[in-house]
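These figures come from a predicted structure and were not determined experimentally. Each chain gets a letter, A, B and so on, in the order the sequences are listed, and its residues count up from 1.
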Protein chains: 4
Amino acid sequence: MFMETIYTPGVAHLSYVVGDGGQAAVVDPRRDTDIYLEAAYRQGAKITHIFETHRNEDYVTGAVDLAARTGAAIHHGSQLDFRYGHPANEGDDFQLGDVKLSILHTPGHTLESISVVFRDLAFSEDPLGVFTGDTLFIGDVGRTDFFPERAEEVAGMLYDSIFQKLLPLGDHVLLWPAHGAGSVCGSGMADRNFSTLGYERQYNPALRNGDRRAFIAHKLAEEHFYPPYFKKMEKYNLEGPPPLTELPRPKPLAPDDFARAMDSGMQVVDVRSPEAYAGAHIWGSFSLPLAMVPAFAGMFLEYDYPVGLVVEDYAQIDDAVRGLVRIGYDNIAAYLAGGLHAWETSGRRYGKIPAIHITDVEQRIDAGDPFTLLDVRSKEEFQSGHLRGAKNVYLGDLPRQIDRIADGHPVTTYCNSGQRAMIAASLLKRRGIDLVENCLGSIAACKSLGCEME
Amino acid sequence: MFMETIYTPGVAHLSYVVGDGGQAAVVDPRRDTDIYLEAAYRQGAKITHIFETHRNEDYVTGAVDLAARTGAAIHHGSQLDFRYGHPANEGDDFQLGDVKLSILHTPGHTLESISVVFRDLAFSEDPLGVFTGDTLFIGDVGRTDFFPERAEEVAGMLYDSIFQKLLPLGDHVLLWPAHGAGSVCGSGMADRNFSTLGYERQYNPALRNGDRRAFIAHKLAEEHFYPPYFKKMEKYNLEGPPPLTELPRPKPLAPDDFARAMDSGMQVVDVRSPEAYAGAHIWGSFSLPLAMVPAFAGMFLEYDYPVGLVVEDYAQIDDAVRGLVRIGYDNIAAYLAGGLHAWETSGRRYGKIPAIHITDVEQRIDAGDPFTLLDVRSKEEFQSGHLRGAKNVYLGDLPRQIDRIADGHPVTTYCNSGQRAMIAASLLKRRGIDLVENCLGSIAACKSLGCEME
Amino acid sequence: MFMETIYTPGVAHLSYVVGDGGQAAVVDPRRDTDIYLEAAYRQGAKITHIFETHRNEDYVTGAVDLAARTGAAIHHGSQLDFRYGHPANEGDDFQLGDVKLSILHTPGHTLESISVVFRDLAFSEDPLGVFTGDTLFIGDVGRTDFFPERAEEVAGMLYDSIFQKLLPLGDHVLLWPAHGAGSVCGSGMADRNFSTLGYERQYNPALRNGDRRAFIAHKLAEEHFYPPYFKKMEKYNLEGPPPLTELPRPKPLAPDDFARAMDSGMQVVDVRSPEAYAGAHIWGSFSLPLAMVPAFAGMFLEYDYPVGLVVEDYAQIDDAVRGLVRIGYDNIAAYLAGGLHAWETSGRRYGKIPAIHITDVEQRIDAGDPFTLLDVRSKEEFQSGHLRGAKNVYLGDLPRQIDRIADGHPVTTYCNSGQRAMIAASLLKRRGIDLVENCLGSIAACKSLGCEME
Amino acid sequence: MFMETIYTPGVAHLSYVVGDGGQAAVVDPRRDTDIYLEAAYRQGAKITHIFETHRNEDYVTGAVDLAARTGAAIHHGSQLDFRYGHPANEGDDFQLGDVKLSILHTPGHTLESISVVFRDLAFSEDPLGVFTGDTLFIGDVGRTDFFPERAEEVAGMLYDSIFQKLLPLGDHVLLWPAHGAGSVCGSGMADRNFSTLGYERQYNPALRNGDRRAFIAHKLAEEHFYPPYFKKMEKYNLEGPPPLTELPRPKPLAPDDFARAMDSGMQVVDVRSPEAYAGAHIWGSFSLPLAMVPAFAGMFLEYDYPVGLVVEDYAQIDDAVRGLVRIGYDNIAAYLAGGLHAWETSGRRYGKIPAIHITDVEQRIDAGDPFTLLDVRSKEEFQSGHLRGAKNVYLGDLPRQIDRIADGHPVTTYCNSGQRAMIAASLLKRRGIDLVENCLGSIAACKSLGCEME
């Protein structure tokens, strides 16, 4: 019997390979599927089953590719009209050696969400673990804002799924969700990957109260951002995404060729650190620090134009490519050969975004200088405390709000630490706003120093 | 917050690195400690605490080396007079960021055994997990045969530790023991590394009954083999083992030099597969398939003589060396350069141990041929079913019983699959018994074919 | 400027990636081309040119796949009607940054063979190195037996290519051939990969004499074996082989399923060591120690049936698969899950091939026992000294000669060390010859012991 | 027979492992010696000989450590009173299987310099290659400025060593020097690692003329910088450096602790890219991009104070540590946990160094603004073309000249590309010069744009 947890950073996605007796099942595979084949191979097992706990909206499923490469059958909830795979209904059982996997229908996050119960028949018919998808997380529950017109109903569904189907499995049951801390699918998740139903029942803030009405009220009060790329993911994951037989291999382009490609519409993603972007960058490029690519690329990048990369070193290319294909950007055409260094020595112009220390921001506020102070955190974060006079536009929403900002004043951006604020700064510069500074350190620095917030 | 489980095969040892806020603790480190330093380094954490759940008897502790390399403090139970580290008593707490680790005194397996309770203060003061050492395993409990004159007392202690201290922590608590399936420290363990106290309470065969008397009676009835190397491990782990600043690096020796070193007392361990050993091997060498080195080397090898290795390929050397130092064999002098191929082409003699199929063994039994049929499994395994006319000597005991076997008759060895039986065959050959055959397939083949057993 | 030598063991194949200024050329790519893409990627270069020094006959070209993945142009000699790529003629130049590559037509080994001269224009227009394909090796020259009816003519061509085109490039020129020691394309190669034209001119045994007639006479007197798979390679390399988008991924099969697949025609290749094969193996499998797969698989395996693998460990699968696809076996269906151990414990029968020491072979010869002593080395090796009474059938020829051997007598095989002899032994057993022994150590052991040879 | 070239970037150091018949020799080992042990191990060889072509001055020798770990004998020239190893004199031969290594005394760069001639006895007694240390490079020759009072004499020695001892070995002989392009030991080296004596004889600019007088005159006219750390290296390499049993493992320190350590004298090396340093850095830290650590750290860092690191990611720590110990900095105490991001969010102040484009520098020159334009390239580079009005202080000399710069004016630094200029800028800021800008792109950008130079 074996079980491996595959953690994919950026989307903070958890997928699982579990099996026994020469067979393996994969739960919620990501798009680049080598890692599952290798895990199964190492265990001498054949992947025979793939379970999708729901039609994911924040990454492209790897189920179709993995099925094509292994012959495995795909199973997902029956309340949605998938163009691939097979419906699985509550009560369906699948056995792999001593491992028994059983379906629970646990709607709420989506209507067709399922959970998969794990049993070790060598010991008992009682459950030992459960794969909960986006229904129940460690420290939080799934969002229920995808059906605005049925908001109350689906929040109630989620409550029932958790309280009537999952928690009754027993306090002793291990919890294996589809996301960990840092995901856009929940905001209060714990920064560890292990828990049990009993622990969550008592200490998960979303469950502690236990009352159905209070739960629904709480869910209805939540505000979630709906990123534009979710649409694409939903379509892909409903119909089956384009096949990905091998990872895109962007070509090295020298500065002149890279610039020419930009002129022809190539979107440039600079995955270097915010500090390096601050020091020098290509005009018109997006700042998207490597770890943030999967979470934010979908907010700005067009699916119809090729992507070019600016990287710090060779090893970053593979990470950037995987981060992009996981959310459906397959046309990754080039990377800047020689990096920014080559750009600089070619004599081409480069941009800068001066960092500004929180104390200097405060002085500027106090001095009453005419400038726009832009907080790009979520509304929730903003409301929990922000700098005096700050205007709040969530980073994901900035492309659609950007004209509101461009009033001729210099802009200073901030967020929690300065990373999202740098992405925002790069968007503002692209829009033609020249005087942009970014507060590296941002609210975190502010808190460390005990400075004043509203 | 992070937690990594380090699984060491061979001894089926589980150790853990856990931490938060830039600090890390290691539970039950093995002797080659690089892996802990790397884990902590990767997490940006400093190892500040080392916990030993008990004076281990089946491997050499890495606590002293790890403390020397990191400055961390070692903590272990206070009922034994360790020559290093600090006593930890029930009620002692240690905090690393949001992680709180608390000591429980859980004697039984040894008198000073402790368990370490894990709490995530960001969520609750209630426990979420517990490191149980050799007190409670997944599917089994620790052995209690180390104090024969106090057998009943210590079995009772173990019962109390489990039923009065561990299980009351709650059904929802995760279980993290010091050994997994395949260890010499318990025999009924599950072949997975995850469980909870609630699951064990209900389905661990050793706990199911729940009655103190029945538990004690069951423990008293168990028969465990006490391998000779345990003495060495106990001494090392009480006093602190010799420091290991870098892994021994055996020198390549050509066949002539290798043979000369054997003449001077070098013990040769052949870690190739049983089939390769069957096909050709150096006379006088021990068969010890790589994965079995840590579990069986201590049964036969002398600590006072150097060890030489015969390997299939270069990569096996590192594994063999680690397997040996983990049980205290630091004098690994040489490996046979060019492998057995070089030995053969040098013109030197080599031995063979013909394989014999289970069906042919049966025919030989039926024919009443005069030969010794030797079952080298444990008494427990032997009693659960063996071949007609077989004599049982447990492999670990064979060196001390070998003269009983040498009666001039040919010997056929078997075990469960033929691996331990090959080790036994190599011991018999070393003792001068020439006509030895080994039943590859052994009892497992017998069962597959439905052949007759007593 | 960069240059990497890619050594592929088994076929002892040398290919090269060389480039400058963001461009790279690959010389004689093998079929699994990832390694070239990675090398170029690492150097920030785009593969723009592929050179094939000749239509190789001992491995499948990777040129077509590599061109498809990179857009590079393929260049080869113009005297053969390739179905892909572009003809390159003497005098054609290609420049990549400061690297200049120029074509020489150097027929002899094949009619369209080319050599590619390397110049570093930053220093001089004079050559610094030359890629010679199978025209000139380190310590030997290419074979010229592919046009038996024009034997003298092509031997003369090779002489002229070497003496009139290559050596005149200058003593100081570095030599980069397509094969190193151990290839089937030459027999006297040095066991190092570095030399110069000046060194070869003086010390290459095939060139030392320098006389055209003597050279031709020497070439005509050579006897080379023409392995059956050369036909397939020639066809593939002329027409372009089937595309290989990803490496075949054999499925794990349990013993029962593996046996069933064998019944349906699956050919089984056992890549474990000769000693392991001697100890126990599946009846009907081929012994093909991993390192010998690319050199010998083509002698026996049918292209039209799937291949199954028996391996020692997981890591061997990748090597075996690459070894097989490099010579065109793409249908690698399965590997035996759990290895031979699983086979044995399943209760199935297994074969053995007893090893016999050279001294015992000698005694048997002296005793005049009726048995067949089979030397499977090349005629050349046989003639340089063999055991008394031995019959010589070259291993590659054995499948076609095997009926001559099967006369009811027991057979003892030998070669130089016992590895090829084990392959031969496995062929004999497949043919139904039951009493086969193999002399591990073989002639090498005989020489070490100073035993008698004819 | 085997030979591996070990390239160590930063110092552009080439060392070699060569051997046959189970023995290996290492030529000019670097200080972290694992790589040689692994190479030899992989080849089944024992390291028995270590050759030092001369007392190196630009890195710490690994000979003493390697000898201690292997038992190998160290050999070096006899004209210097080494405190370790054995003198080797012209005519001494060493045989390892078919490899024969012979000593030539080739003084000039240092008085005791030796070259080691390589022969493959399987083919000839004639040389095939030669290890030339710092006597002859690919495209250049060694510097001869270490004995200023005997300048002419040693330049003549070098001439004689090359023209009377090395070149006569033959045009066909392979050249294996101790350094490649980018070393501080020669300035005209080719950017490839392969050449022959014949090619160098004709195309090495330093040898082309061939006249002894002209050669000496040329050498006397050269100006080399003598970095301060050479003194330390010379002492270490004469007496034997402190042993290095394992690489230093810097501790992670949170910003507060890191700052405290700085207050106590810790020197901080920031190995991130110049762009990242430009964007934000710790006040008082040195900019030393990772690849430049071994070449420039010795210019500024004190040996008597601990070093702290600022890195982009975990993987850089190992590289930085190796880079530092190779030039004798063993006291690497800490790295900044969480990187600069953690520093920023802690609320601490950080510095910036604005980048300035070459076109803006030109405008500023034209405008006649009062500012100091500082060219930190070597005198040689400066003289080959520089910006109007620039002042030249070589980077290595800047610490000793810095007070000359600090005249209250803003400073703009440049070099060839902007990297060394960033190091210089960090030195100026440390000295208290606040207004410092760095021209990313520098002269290279100037050339690309065809801008004006003097």
*Between atom CZ of C:Arg272 and atom CZ of B:Arg272, what is the distance when rounded to the nearest 0.5 Å?*
11.5 Å
*asked:* Please report the interatomic distance CD(C:Glu312) to CD(B:Gln316), rounded to the nearest 0.5 Å.
replied: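 If we round to the nearest 0.5 Å, C:Glu312:CD and B:Gln316:CD are 7.5 Å apart.
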[Y] backbone acceptor or donor facing [X] side chain under 3.5 Å:
X: C:Tyr350; Y: B:Ile356; result: yes
X: B:His341; Y: C:Leu440; result: no
X: B:Lys352; Y: C:Ala355; result: yes
X: B:His357; Y: C:Arg348; result: yes

May I ask you to list the residues in [range] that approach chain C closer than 4.5 angstrom, counting heavy atoms only, ordered by number?
range: residues 278-292 of chain B; result: B:Ala278, B:Gly279, B:Ala280
range: residues 409-420 of chain B; result: B:Ser417, B:Gln419
range: residues 444-454 of chain B; result: B:Ala444, B:Ala445, B:Ser448, B:Leu449

*Checking B:Arg349 against chain C: side chain, backbone, both or neither under 4.5 Å from a heavy atom?*
both
*salt bridge (Lys or Arg N to Asp or Glu O under 4.0 Å) partners of C:Arg430, counting only residues at least two apart*: none
_Counting heavy-atom pairs closer than 4.5 Å to chain C, which one of B:Ser442, B:Ala342, B:Gly347, B:Cys439 comes out on top?_
B:Gly347
